[in-house]
Each structure stands twice: as structure tokens, then as C-alpha cells.
Amino acid sequence: MLDKINALLEEVKAFEANTPEEAEAFRVKMLSKKGEIPALFQDFKSVAPEDRKEMGKKLNELKQAATEKVNTVKAQIEAAEGSRKQAEDKPDMTMPVNFWPIGSRHPLSVIRNRINNIFQRIGFVISEGPEIEDDWHNFSALNFPEEHPARDMQDTFFVEKNPDIALRTHTSSVQVRVMESQQPPIRTISPGRVFRNEAISARAHCIFHQVEGLYIDEAVSFADMKQTLLYFAREMFGEETKIRLRPSFFPFTEPSAEMDVSCTLCGGKGCPVCKYSGWIEIMGCGMVDPNVLENCNIDSKKYTGYAFGMGIERIAMIIYQIHDLRMFFENDLRFLKQFEAAN
Ligand code: DAH
């Protein structure tokens, strides 16, 4: 019997449990009415009287050890369960802070905002027009002759079955809308999306963005235009920037010019970016053709004005040294993430 008691004592000492069920099973096995320890108390009756004292002591020790063990194991399991529940309910204040990833502006938005801002500082207001335009606002009012190639199906996306309605091919359409609805003085810029039926490549896309500018008042001169565009170029590309106007042709301006800025990379010395010419073309401009003013009910004898138009992608490509136009439209996060610091 002593051996049995010692064996059970060892078992009690070694016992461990992870669940309340395991602890309860152990209690039943050891201490319940039909358990090992009550059974030993039954056997105790047949122990010889001279051994009873020692045996009784051992037996009580065993019972006490088993009871204590069951109680402590159950208490431990409960405590562990409690703190697990608490952790589930409450935020863990020791966890590292979760930095939510913040978005960034698209590079075209960054550049458009900068262009807007430069002109807003000298009194230009922003105006917008529809992307789906009629022939009048996109072409006719702007003095495009009937047979002008830009009206050709090659360049313009017409709305099916209606040759009068097309996706605007430039934001110059907005200057017509502004002039039709306001009398001079007019100082406005019109940023927006334009569409042309072009094959997509590194240098061309069927969707791109332009900013159109228009200034109409009494006695506005070519020199005024030149000064404004010089101010723009310096604000945009740096104060050392020079500009150059080359004669050109647009149906809606007379005279017309193409404006170049001194190369932003080499400063005019010649490098691969400016193809060793020292200059980079950035916009078309000119004095608004009197026909256009008259088409929009503005007195061409009283008022003159200038207009200009530039591609936002082109400016962004120069500033950020991006060589493939398609990058702007693919929305590859590896590309977009590089503009997080811009605003
Ligand atoms: N609309 C022209 C284009 O899309 C750009 C342009 C040139 C706008 C000269 C103008 C201008 O206002 O005067 O290519």
C-alpha cells in the first residue's frame, strides 16, 4: 500500500494540464468517490494497527497534495484564459503604431496644379468645358477651314453617327465657350483632358492633358504675351530659364508662334535631352485671330488678345525626366510612389 501511495504522490507532483477538462478528469481520477485516493482510505481499514499512524499520515499527505494540485492547476488555467480574453477585448497598447499608407498625387496633377498656381498668381482664373464637344467649339469658331486635316477622322474621335459631335482634340474649345459667355477683360486658363486618334507609343497617346490660356483686353500686345510666358517659364523651370519664340501657324492665332525654353538639363549648352539644340519646345501661342473674336461676339476693333496652349504630359516629362508617355496612364505603383514627396 505504501508503494501505491508513493506512486500516486509522484503522479500528483508531475501532473500538468492545459484545459479545465484535463484538470477535472484528474480530480475525478484521484479524489472523486470512486477515485484512487478514497479507494486507499477503504483499504486503510485493513492496515495493521501498528502501521496505521505512519500510513494514515502518508495517506492524508497524498489527499492534501492531490487537492492542492487540482486547485492550483485549475486556477492557473482560469488566469491564462482570463488574460487571453482581456487581450482580445482591449487594444494592446504595446503594439507598434500602425502607419496607414497615405496616397500621393499623380504627377500630372502635381504639374497641372503648379501651372494653375503660376497663372492664378497673376490674375488668371480657371475655366473648364465639356470633353464631348461640337464642331463649332472645337473647330469652326476657332477658324479651322472646312477641309482642315485636323478635322479628319484620322485625328478626331467622332461620336458615332454624328459628325458634329466629337471628343475635344484640344482645350482651345474652352476659350470659345468663355468668350461666348463673357466680355473682356478676360484672363483665363483651362486645364483639361483631350483626345486624339493616335497610335499609342512612348511619344503619343490617344488621351492626354493640356492647359489653354487666354487674355483679352484693350491694347493687349505680342510683347504682353512674351512677358507673361517668360514669367511662366521662369516660375516653372527656374529663374535662369530663357525663352525663344519661333514663327508657326495655328488657324486661331495670327501671328502664331511656338515657344521653346532653354534646356532644363544643360541650360542651353546641348545634351541628349534637347538633342544638342539647347532648346525644348513647350507650347504654341499667338495673338487671337480677329475672326475668332468676331465668331465669339467680341469686337475685334476694340479688343485684342493672346492665347497659348501646352501639354501637361510634356511639361511633366521635362521636369521629371520621364521618357515614356505611357507611364502616366499605367498607374504602376512603383512609378506613382516616386512622387509622394511632390504636392
Ligand atoms: N490648340 C493647340 C494644340 O492643341 C495648342 C495651341 C496653340 C493653343 C496655339 C493656343 C495657341 O491657344 O495660341 O496643339
Side-chain angles (χ1 to χ4, degrees), residues 112 115 119 124 126-131 133 135-145 148-152 154-157 166-180 184 186-198 203-217 220-230 232-233 243-261 280-293 295-296 298 300 303-315 317 325:
R112 183 205 52 213
I115 297 171
F119 285 106
F124 282 73
I126 292 175
S127 49
E128 288 183 316
E131 292 179 350
E133 261 301 5
D135 181 275
W136 171 255
H137 291 95
N138 197 75
F139 295 126
S140 295
L142 289 164
N143 208 28
F144 278 82
H148 195 282
R151 295 176 176 223
D152 203 308
Q154 299 286 312
D155 296 313
T156 309
F157 287 117
L167 301 182
R168 67 179 176 195
T169 57
H170 53 185
T171 43
S172 303
S173 56
V174 185
Q175 55 161 282
V176 177
R177 290 186 174 272
V178 171
M179 285 190 279
E180 280 175 341
I186 293 171
R187 255 172 290 163
T188 187
I189 51 164
S190 315
R193 191 155 57 157
V194 302
F195 308 84
R196 283 187 204 176
N197 196 355
E198 302 242 19
R203 316 182 114 254
H205 209 287
C206 56
I207 300 175
F208 56 102
H209 300 79
Q210 288 187 332
V211 175
E212 177 80 10
L214 180 70
Y215 191 143
I216 315 258
D217 205 345
V220 174
S221 69
F222 198 87
D224 294 331
M225 178 182 84
K226 211 173 152 184
Q227 195 58 37
T228 304
L229 295 181
L230 177 63
F232 166 74
I243 63 166
R244 169 173 97 168
L245 293 169
R246 284 178 289 107
S248 185
F249 173 79
F250 299 101
F252 35 92
T253 43
E254 183 57 37
S256 304
E258 213 98 49
M259 184 173 109
D260 301 340
V261 290
I280 303 177
E281 183 192 316
I282 63 158
M283 69 167 92
C285 56
M287 301 305 290
V288 180
D289 193 299
N291 287 342
V292 176
L293 295 175
N295 285 341
C296 302
I298 289 179
S300 67
Y303 295 109
T304 52
Y306 61 78
F308 55 88
M310 66 189 110
I312 301 180
E313 281 80 1
R314 178 144 181 86
I315 308 273
M317 286 170 94
L325 186 65

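One-based numbering, in listed order, for ligands and for the atoms of each.
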Checking salt bridge (charged side-chain N to carboxylate O under 4.0 Å, His left out) for the pair Arg177/Glu133: CA distance, chi angles, key distance, verdict?
CA-CA 11 Å; Arg177 290 186 174 272; Glu133 261 301 5; 2.7 Å; yes
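In this model, no donor atom of one side chain and acceptor atom of the other lie less than 3.5 Å apart for Asn138 and Ser173.
When each of Glu128, Glu212, His137, Arg168 is paired with Val174, the side-chain contact (heavy atoms from CB on, under 4.5 Å) condition holds for Arg168 and for no other.
In this structure, ligand 1 sits under 4.0 Å from heavy atoms belonging to His170, Ser172, Gln175, Arg196, Gln210, Glu212, Phe250, Phe252, Thr253, Gly284, Cys285, Gly286, Ala307, Phe308, Gly309.
Expressed to the nearest 0.5 Å, how far CG of Leu214 lies from CZ of Phe252 amounts to 11.5 Å.
In this structure, Phe139 and His170 have tilted ring planes: the angle between them lies in the 30° to 60° band. Using a 30° and 60° split on the angle between ring planes, Phe124 and Tyr215 fall in the perpendicular class, above 60°.
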